[in-house]
Engineer: 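Before I ask anything, let me first share the structure, which is written out below as structure tokens.
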Amino acid sequence: MPLGDVFRKAAGLFVEMDASAPKAAPLTDEEFRAAMNATSAAEPAPPARTIEQIVREQPGPNLDQIKVTPEAVKATPQPVRADGSVDFNAIYQMASVPAAPFTAEQILELLNSLPPELPMESRRQTIKITLQAMAKSVPVTAEGVVTDASRKVAALASYADGYSKQADEFVAKAQLDIVALEAQIADKQEAIENAKAQQTSMIEACRAESDHLDDVLEFFSLDIPPSKYAK
């Protein structure tokens, strides 16, 4: 799926955030265990919101403000590390994506640490409660993590679009250069063929004239070899 489509799909996703959960209040160990054992039927689910709506409610740029222009792509060295891997943080900086107290990449690390056989709903509940517990030392919320991830997806889509436009311009120019070079090659090839033809013609003319003049020499020479009149 093209990056632009990934971004548009992500912006339109609906998510449910626990409106009753404190956004930055720390949890004790007892509260953490109690929250893990709580059932979702205790309270009605909060209304779902799209990713785009959540981002608009957070400090910082909206998704449509995350831009990397083709000019910026062209003027900036490619974000590639010495080992050949892409430096995505450089792309996020180009798009002015604000730093997050707890990033989407860190959430991925938490998810990867969970047992793979854990059901999806249990994984979501575990991460939600973990974030609430971490709030005692880090101002982290699910909304903040979602915002960080979606802004980075927007930055990647914008950079890829700008990079593609720059690459398309280079390819178009290179193709025109190839056409011009092919025309020059054709001209040179024609010139080579003409030179070869002229070479053959000139050599034949010189040989014919040489034979013609040799008749004079033969006329005045003795009739002994290598004269053609020798018997």
Side-chain angles (χ1 to χ4, degrees), residues 1-26 45-81 84-112 120 123-124 126-170:
M1 180 183 295
L3 267 176
D5 293 343
V6 173
F7 165 61
R8 285 185 285 272
K9 177 195 72 79
L13 288 176
F14 284 88
V15 296
E16 291 180 350
M17 296 297 179
D18 190 355
S20 63
K23 295 187 180 298
R49 292 172 290 163
T50 65
I51 299 296
E52 187 173 13
Q53 288 172 330
I54 291 174
V55 175
R56 287 185 178 277
E57 296 169 0
Q58 298 296 307
N62 297 326
L63 294 182
D64 58 0
Q65 296 172 322
I66 303 292
K67 300 292 183 184
V68 181
T69 64
E71 292 75 20
V73 174
K74 188 175 183 179
T76 306
Q78 291 192 11
V80 178
R81 301 185 182 93
S85 62
V86 178
D87 183 3
F88 295 112
N89 284 328
I91 295 177
Y92 303 148
Q93 291 175 3
M94 291 176 61
S96 300
V97 174
F102 198 80
T103 66
E105 291 83 358
Q106 289 172 300
I107 283 291
L108 289 175
E109 292 178 4
L110 285 176
L111 287 171
N112 290 334
M120 178 58 69
R123 294 164 70 88
R124 286 172 174 163
T126 299
I127 292 298
K128 181 170 65 175
I129 300 306
T130 300
L131 292 181
Q132 292 179 10
M134 292 176 57
K136 64 180 65 177
S137 57
V138 179
V140 57
T141 65
E143 290 90 345
V145 172
V146 166
T147 296
D148 181 58
S150 57
R151 283 173 176 165
K152 287 174 177 176
V153 170
L156 294 172
S158 181
Y159 181 83
D161 182 62
Y163 192 91
S164 295
K165 290 179 180 178
Q166 179 196 8
D168 289 343
E169 290 177 1
F170 173 81

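Keep in mind the model is a prediction, meaning the values are calculated, not measured. Keep in mind that the numbers below use all heavy atoms, side chains included, and drop hydrogens, waters and symmetry copies.
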Engineer: Measure the shortest side-chain to side-chain distance between K128 and R124 over non-hydrogen atoms and say whether it is less than 4.5 angstrom.
Structural biologist: no
Engineer: Output the distance between atom CZ (F102) and atom CG (L110), rounded to the nearest 0.5 Å.
Structural biologist: 4.5 Å
Engineer: Would you say the side-chain atoms of S158 pair up with the backbone N or O of A154, donor to acceptor, closer than 3.5 Å?
Structural biologist: no
Engineer: Find out whether R56 and D64 are in side-chain contact, i.e. whether some heavy atom of one side chain is under 4.5 Å from a heavy atom of the other.
Structural biologist: yes
Engineer: Less than 4.5 Å apart, side chain to side chain, heavy atoms only: is that true for Y92 and L156?
Structural biologist: yes
Engineer: Indicate yes or no: at least one non-hydrogen side-chain atom of L131 is less than 4.5 angstrom from one of I107.
Structural biologist: yes
Engineer: Are any side-chain N or O atoms of T76 and backbone N or O atoms of V73, one a donor and one an acceptor, separated by less than 3.5 Å?
Structural biologist: no
Engineer: Can you confirm whether E143 sits close enough to R49 that some side-chain heavy atom of one is under 4.5 Å from a side-chain heavy atom of the other?
Structural biologist: yes
Engineer: In Å, rounded to the nearest 0.5 Å, how long is the span from CG of N62 to CD of Q53?
Structural biologist: 11.5 Å
Engineer: Would you confirm whether D148, through its side chain, and A104, through its main-chain N or O, come within 3.5 Å as a donor-acceptor pair?
Structural biologist: yes
Engineer: For E105, check side-chain hydrogen bond (donor to acceptor under 3.5 Å, both in side chains) against everything at least two apart and list the hits.
Structural biologist: T103, K152
Engineer: Locate the shortest heavy-atom distance separating V140 from M134; write the atom from each residue and the value.
Structural biologist: CG1-CB, 4.0 Å
Engineer: Using a strict threshold of under 4.0 Å (side-chain N to carboxylate O), is an ion pair present between E169 and K165?
Structural biologist: no
Engineer: Is there a donor-acceptor pair closer than 3.5 Å between any side-chain N or O of S85 and the backbone N or O of R81?
Structural biologist: no
Engineer: In the structure I gave you, are the side-chain heavy atoms of I66 and P61 within less than 4.5 Å of one another anywhere?
Structural biologist: yes
Engineer: Please check if the side chain of D161 supplies one atom and the backbone of A157 the other of a donor-acceptor pair under 3.5 Å.
Structural biologist: no
Engineer: Which heavy atom of Y159 sits nearest a heavy atom of V68, and at what distance?
Structural biologist: CD1-CG1, 3.8 Å
